[in-house]
Amino acid sequence: MLSKLPTNLPPHLALKFIKVYSNSGDLQRARHLFDKIPQPDLPTWTILISALTKHGRSLEAIQYYNDFRHKNCVEPDKLLLLSVAKACASLRDVMNAKRVHEDAIRFGFCSDVLLGNALIDMYGKCRCSEGARLVFDGMPFRDVISWTSMASCYVNCGLLREALGAFRKMGLNGERPNSVTVSSILPACADLKDLKSGREVHGFVVRNGMIGNVFVSSALVNMYASCLSIRQAQLVFDSMSRRDTVSWNVLITAYFLNKECEKGLSVFGRMMSGGVELNYASWNAVIGGCMQNGRTEKALEVLSQMQNSGFKPNQITITSVLPACTNLESLRGGKQIHGYIFRHRFFQDLTTTTALVFVYAKCGDLELSRRVFSMMPKRDTVSWNTMIIANSMHGNGEEALLLFREMLDSGVRPNSVTFTGVLSGCSHSRLVDESLLIFDSMSRDHSVEPDADHHSCMVDVLSRAGRLEEAYEFIKKMPIEPTAGAWGALLGGCRVYKNVELGRIAANRLFEIEPDNPGNYVLLSNILVSAKLWSEASETRKLMRDRGVTKNPGCSWIQVRNRVHTFVVGDKSNDQSDEIYRFLDYMGEKMRIAGYLPNTDFVLQDVDQEEKEEVLCNHSEKLAVAFGILNLNGESSIRVFKNLRICGDCHNAIKFMAKIVGVQIIVRDSLRFHHFRNGLCSCRDFW
DNA sequence: CCAGACAGCG
C-alpha cells in the first residue's frame, strides 16, 4: 500500500495529506510522506510533530524536532515548541527539555504565558525544579496555571514545603487556587503528614465550594489517611456525591495504612458487590495492604483471586508480594517470582529488582542477591542500601564497607538507613576504627544527623570488640536518650566477655525500658551463670517469672523440597525424629573426639550436669540442622531459620558438624546470618 | 498549558 502513495507531491498537497493522515492517527503514512519532502515548511513540521506527541509517540516527536533543529533555518513556532515540551515531559527527558527551553528564549517566546506554563510543567515532569524556577521567575505575567504547575513541580521533586509555600504565596499574588491546585497540593500535606496544613486546605475547599470535585475529595481522603485520621477520611468519603474507582482505592488504602485490615477488606468487598469497576490499583492496594500488615497468607489468597478475575500480576503486584518469599523464608518461591519477573521484562524497574535483591539476601542466598544487584542497570540510594544491609546481615562488614565507598564514588547520596547498614556491618566484623571514622563523617560530610539507631550501632561496635568500658562511656555521653538498642548491645557484649558488673547495669536499665522482653532476663542470667553466681541468676529468673514474662519458645525451621519442617526443643513430632536423634548421638561421639565440649551455661533449667547435656542435644536448631543433613539430596549447603538468637552451645556444635559432614550450614537467627563452614563461623564467634 | 490511588532498605 505504502509504495502506491503519490510521491513528489507539491508542498501544499503534501501538507494536506500529512494533515489528513495525522488527524486520522495513521502516523506511519504521515511519516512516510513527510520523509519524502526535501524541504518541509514550518506548518508541515508542526503538524507531524504535534501529531506524534498527541499519539504518545514522544520519542519520534523528539527525533523529528532534533532533525528540524539541525537542518533547518526556519524558526520554530509556539505550537511546535508546545508539542515538543509535552513530549519531553512524557519521557522525562531533561536534556531535550533544556533545548526546548533554550529555543523558547532564543526565538522570543519568553513572555508567553501559555508556553511558559508548558515549560514549567515539562521541567516538573522531568523532576528539574531549577529549570522550572528559571522559567517561572522569568515570566512577566503568571496565571493560576503557572502557580499550579510550579507547585506541582515541587511536589514531583519532593520539595513539599516549597510546594505548600507556593500555594500560600499565590493568594498573596492575587491568584486564587482552583481545584487542580488543591489536588496537587494535598499530596504534599499527605507525604509530610502535616494534618494542620491539610485541614487548612480542607477549609479552603469547603469555603470555595470545591468539595463536589472528585479529584479534590479523593485527595482529601488520602490526606487524612496519611495523617492517620481515618475517621476524618471516612467522613469525607461518606460526604462525596460522586465516587469513582480511585476514590474507593484511596479509602481501601486508608484502612490498610491505619492497620485496619478487616475494614480495608470489607471496603474492597463493598466496592466489588457495588459494581464499581476494579483496576490494577484496587487489587494492588489490597494485596500490598495485607503484606504491609503481615497478612501474607491473605495477600496470596487475594493474588489468586485477582488472577481468576483476569488480571495478570503487574510490576507493582509482584513487588508487593515479593516479601512474601522472605516472610515464609521460601527461596524456592523467590526463584519462581524471579522467573516471572524475567519473563515479563520487569527487570529494568529499580523498585522490583531491589526487592528481589533483598528477598534473596533474606532467604540466605547472598550470592544470588549479589548477582541480581550486579545486573542492575542503575542504582539509587535504596538499592545500594539494600545490598549494604544484605552484606551486614550476613556478617560481611568489609564488603559492606566497600559497597559504601562504591556508592559514594558513583555519586549516590547516602541517607540515614545507609549508615545504619554500614555501621552494623562494621560491628559484626569488628571494624572499630573504620566505623568511628564513618560515624564522625555522617553529619560533617553527608549532612545526616546520627539518630538513636546509629548510636546503638556504635555501642555495638565497641561492645563486640570487647571495649566495654568505652561502650559504657559512649552511652553516658550520648546527646540523645539511649534506647533499648544501645543498652542491649552493651548487654550482649557483656555476655560474650563475661562482664558481670556492666552486664548488671545494662540489664537493669533494660528491665526498666522494656520490662516485657524475656531476652534481657535470659542474657543476664547467662552472664551470672557463667560467673557461677547461681543465686543471683535464679533471682533474675524469679524476677522474670514474677513479672509474668515468659521466654518465647525457641523454634527452628528448614525447607526441604516444598515443605517447611518446624522444630521446637525436644521435638519428636517429625516423621524422621528417631533418625534425627540417632544421628545426633552418633554425631555427638564424633564431635567429642574432635574436641567439642558441651557448654552448659546456656541451659536455664536447674538440672544436673548430665541432664543439662541432654537438654542441649534437644535444641531446636540442632534438630533442624540434623534433619537438613539427613535430607541433603546432593546439595552442598543447608539453610536453617530460628526465631530467637542462636544458642552458644549450638553455635559451637554446628561448627563441628559442618566440618565433620563437610557441608555449609547457614543459620539465620533473629539477628543475622551465620555461615558455618569447615569448623568456622562467618560471625567469628561474636553472635 | 495545571490534578488523584497501588511497589523496594534498618
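All chains are named by letter (A, B, ...) in the order of the sequence lines, taking the proteins before the strands, and each is independently numbered beginning at 1. Everything numeric in this text was worked out from a predicted model, so none of it was measured.
Looking only at distances, a side-chain donor or acceptor of A:Ser309 sits under 3.5 Å from a matching main-chain atom of A:Gln305. At distances below 3.5 Å, at least one donor-acceptor pair connects side-chain atoms of A:Asn173 with backbone N or O atoms of A:Lys169.
Residue A:Lys125 places at least one side-chain N or O under 4.0 Å from the OP1 or OP2 atom of B:dA3.
Look at CG on A:Asp349: it is 8 Å from C1' on B:dA7, rounded to the nearest Å. Rounded to whole Å, the distance from CE on A:Met223 to P on B:dG4 is 16 Å. Rounded to an integer number of Å, the gap from A:Asn249 CG to B:dA7 P is 11 Å. As a whole-Å value, the separation of A:Leu322 CG from B:dC9 P is 10 Å. Straight-line distance from the CH2 atom of A:Trp283 to the P atom of B:dA7: 17 Å, rounded to whole Å. Rounded to whole angstrom, the span from the CH2 atom of A:Trp248 across to the C1' atom of B:dC6 amounts to 17 Å. To the nearest angstrom, P of B:dA5 lies 9 Å from CG of A:Asp191. With rounding to whole Å, A:Arg413 atom CZ is found 22 Å from B:dC9 atom P.
Under 4.0 Å is where a charged nitrogen must lie from a carboxylate oxygen, and between A:Arg99 and A:Asp103 no such pair does.
Ring geometry, A:His338 versus A:Tyr360: the interplanar angle falls from 30° to 60°, so the pair is classed tilted. Ring geometry for A:Tyr224 versus A:His202: interplanar angle over 60°, hence perpendicular rather than tilted (30 to 60°).
Distances from the side chain of A:Thr352 to the nucleotides B:dA7, B:dG4, B:dC1 place B:dA7 closest. Minimum atom distance to the side chain of A:Ser247 is reached by B:dG4, of the listed B:dG4, B:dC6, B:dG8. When distances run from any side-chain atom of A:Leu350 to the nucleotides B:dG8, B:dA3, B:dG10, the shortest one goes to B:dG8. Closest to the side chain of A:Val180, from the set B:dG8, B:dC2, B:dG4, is B:dC2. In the set B:dC2, B:dG10, B:dA5, the nucleotide with an atom closest to the side chain of A:Ile389 is B:dG10. Among the nucleotides B:dG10, B:dC2, B:dC1, the one closest to the side chain of A:Ala118 is B:dC1. Side-chain proximity of A:Ile316 to B:dA5, B:dC2, B:dA7: nearest is B:dA7. Side chain of A:Val417, nearest nucleotide from B:dC1, B:dG8, B:dG10: B:dG10. Closest to the side chain of A:Leu114, out of B:dC1, B:dC9, B:dG8, is B:dC1. Picking from B:dC2, B:dG8, B:dC1 the nucleotide with the shortest atom distance to the side chain of A:Ser383 gives B:dG8.
A:Thr351 comes within 4.0 angstrom of a base, heavy atoms only. Base engagement by A:Phe215 is indicated by at least one non-hydrogen atom pair under 4.0 Å involving a base atom. Residue-level contact check: A:Asp244 touches the bases, meaning some heavy atom is under 4.0 Å from a base atom. Using a 4.0 Å heavy-atom cutoff across all strands shown, A:Val321 reaches no nucleic acid atom at all. Counting any heavy atom pair closer than 4.0 Å across all strands shown, A:Asp453 reaches a base atom. Within the 4.0 angstrom heavy-atom criterion, only backbone atoms of the sugar-phosphate kind lie near A:Gln292; the bases stay farther away. Nucleic acid contact class of A:Ser218 (heavy atoms, under 4.0 Å, all strands): base. Using a 4.0 Å heavy-atom criterion, one finds that A:Asn156 contacts no nucleic acid atom at all.
With hydrogens and angles ignored, a donor-acceptor pair closer than 3.5 Å exists between the side chain of A:Asn279 and the base of B:dA5. If you check distances only, the side chain of A:Ser183 does reach the base of B:dA3 with a donor-acceptor pair under 3.5 Å.
Looking only at side-chain heavy atoms (C-beta outward), A:Pro414 and A:Phe419 come within less than 4.5 Å of each other.
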* To do: Starting from the C-alpha separation in whole Å, work towards a yes-or-no answer on side chain to side chain contact (heavy atoms under 4.5 Å, CB included) for A:Met442 and A:His454.
  => CA-CA 10 Å; A:Met442 284 179 63; A:His454 301 121; 3.6 Å; yes

